[in-house]
Amino acid sequence: MIDTGPSSTLDSAAEAPCTVCCCTLGNKILTVVFMVLLILAILFGNLLTLAVVLGTKHFRTPQGYLKASLAAADLAVGAFVVPLSVYAELYLMAGDSAPEWTAYNSQSVSFHPCTVIGPIFAGCTLVSITTIFLMTIERSIAVLKPLHKDSVITRKRTTILIALSWLGSFFLAVSPLVFSREIVLEYNTCSRMCNYALGTIGQFPSQAWNILLLFPAFDFTLLSGTVAINIISLSGIRQHSKRRKHLAEAECQKASKPTFSDIKAAKTIGTLTVAFTASFTPIAVFVVGNVLGNEWCNFSFFAFWILATNSCCNVIIYSVRDQKFRLCVHKLLLRDASKSCRQT
């Protein structure tokens, strides 16, 4: 989030605006319960995804590595980002006052938890977008150029691209702090998360706004490219289906057509793209609204937590769209259950 006002203080923290998540004790309890359930869902779903992808030979492919990268980014959100919010909210409920560090920004204290958690959330979000983009390219090659798939898409190249996506995403996440003294990190009382903010009082530094707007600009550029590639891939799938219905295919045509699993995977990635675009769009709208001078306190809470909730959606999408993934999950759970039975 971008905060256009001055830096937080202990007095202003005590006068925090009443938002939908914290107006009453009931709302506070529901908010904490939601956060805890979200942590459990993110950890369980993405650990399960990593276990299936890394523990099953069938999924040790370039596409499987990309799924593992996406799961690792989502797992970091559940392991680091959401627990800090739970801690702050439980502290507030227990003592009727927030932790002292929530009243200051990262420039006001020697160490602020948001200095670590803020870039982790931003970096993992950027990794997710970049990984979905790479998955889309990988599937488009498999669908449109099936004969070249194995020579172009290799595990080594995919591993290098994954490493570059992580390095580039986290460099972009810390760039606002590196390239601008006006930008700080703080625990925001509206979103209940660590957000980027403007630490300068009474000024409107255009350079800082330009740096912060890199996030939605980069994200929507990749998402737009992902959507365009998905449209091309799905058009290729539709044309292939028409040819299969109306033409008697020769052996060479059979060898050059995309497999059923490639087509299914392309549709799954299309679903992932739609889900991530829907979860990220409120953040982009909120950032633009902040630039125009709107605070939108309640909206910021929903925007950021919709994005956080997306971290547990990928395993659901895989389970619904990928029958082999479902079978592997079923076998994995049965194997764990049989082990526990033997131990008892």
Side-chain angles (χ1 to χ4, degrees), residues 36-80 82-83 124 127-128 130-143 146 149-150 153-159 161-163 165-166 230 233 237 257-276 279 308-344:
V36 172
L37 291 177
L38 182 60
I39 292 174
L40 296 176
I42 292 174
L43 294 180
F44 175 77
N46 290 288
L47 285 173
L48 192 63
T49 300
L50 287 173
V52 170
V53 172
L54 300 180
T56 307
K57 187 176 180 180
H58 170 77
F59 285 100
R60 293 173 192 167
T61 61
Q63 182 188 164
Y65 289 174
L66 290 169
K67 286 182 179 180
S69 175
L70 187 60
D74 291 335
L75 188 64
V77 174
F80 299 105
V82 184
C124 288
V127 167
S128 297
T130 307
T131 303
I132 292 174
F133 178 72
L134 293 175
M135 292 172 74
T136 304
I137 293 177
E138 187 264 344
R139 283 300 88 189
S140 68
I141 294 174
V143 170
K149 180 182 70 172
D150 293 334
I153 306 169
T154 63
R155 285 185 289 186
K156 182 179 179 180
R157 289 176 181 173
T158 303
T159 304
L161 288 174
I162 289 172
S165 73
W166 278 81
N230 272 310
S233 298
I237 292 172
K257 70 179 182 180
T259 64
F260 178 77
S261 60
D262 289 335
I263 294 174
K264 197 76 172 179
K267 293 180 179 179
T268 301
I269 294 169
T271 305
L272 281 175
T273 304
V274 172
F276 196 92
S279 65
T309 304
N310 182 261
S311 295
C312 65
C313 291
N314 296 330
V315 66
I316 299 174
I317 295 173
Y318 297 149
S319 299
V320 172
R321 307 278 321 177
D322 193 335
Q323 184 179 6
K324 291 181 179 178
F325 185 86
R326 292 197 302 272
L327 290 174
C328 289
V329 169
H330 184 65
K331 291 179 180 179
L332 184 65
L333 294 177
L334 286 179
R335 184 175 62 189
D336 292 341
S338 63
K339 283 183 180 179
S340 63
C341 290
R342 286 196 296 267
Q343 290 173 356
T344 55

**Report entry** Nearest atoms (heavy-atom pairs only) where A76 meets C124
**Finding:** CB-SG, 3.5 Å
Query raised in the report: Are the side chains of S279 and T309 in touch, meaning some heavy atoms are under 4.5 Å apart?
Result: no
Query raised in the report: When rounded to the nearest 0.5 angstrom, what is the spacing between CZ in F325 and CG in L48?
Result: 5.5 Å
Report summary line: The reported gap from OG1 in T273 to CD1 in I132 (rounded to nearest 0.5 angstrom) is 5.5 Å
Query raised in the report: Counting only heavy atoms not in R60, do more than 12 sit closer than 6.0 Å to its CZ atom?
Result: yes
Query raised in the report: What distance separates I42 CD1 from L38 CG, expressed to the nearest 0.5 Å?
Result: 3.5 Å
Query raised in the report: How long is the span from the OG1 atom in T49 to the CD1 atom in I316, to the nearest 0.5 Å?
Result: 10.0 Å
Query - Euclidean distance, F133 CZ relative to L161 CG, rounded to 0.5 Å - result: 10.5 Å
Requested in this report: For S165 and I162, indicate whether the former's side chain and the latter's backbone hold a donor-acceptor pair under 3.5 Å.
Outcome: yes
**Report entry** M135 vs T131 side-chain heavy atoms within contact, under 4.5 Å
**Finding:** yes
Report task. Using a 4.5 Å cut-off on heavy atoms from C-beta on, say whether the side chain of W166 contacts that of T130. Result -> no
**Report entry** Minimum-distance pair of heavy atoms, taken over all atoms of S128 and D74
**Finding:** OG-OD1, 3.6 Å
Query - Non-hydrogen atoms of P62 and I153 that approach each other most closely - result: CB-CG2, 3.5 Å
Query raised in the report: Of the non-hydrogen atoms in T56 and C328, which two are nearest, and what is the gap between them?
Result: CG2-SG, 3.7 Å
Query raised in the report: From L43 CG over to S311 OG, what is the distance, rounded to the nearest 0.5 angstrom?
Result: 10.5 Å
**Report entry** Pairwise side-chain contact, L66 with E138, heavy-atom cut-off 4.5 Å (strictly under)
**Finding:** yes
Query raised in the report: Which pair of non-hydrogen atoms, one from V53 and one from A68, has the smallest distance, and what is that distance?
Result: CG1-CB, 4.0 Å
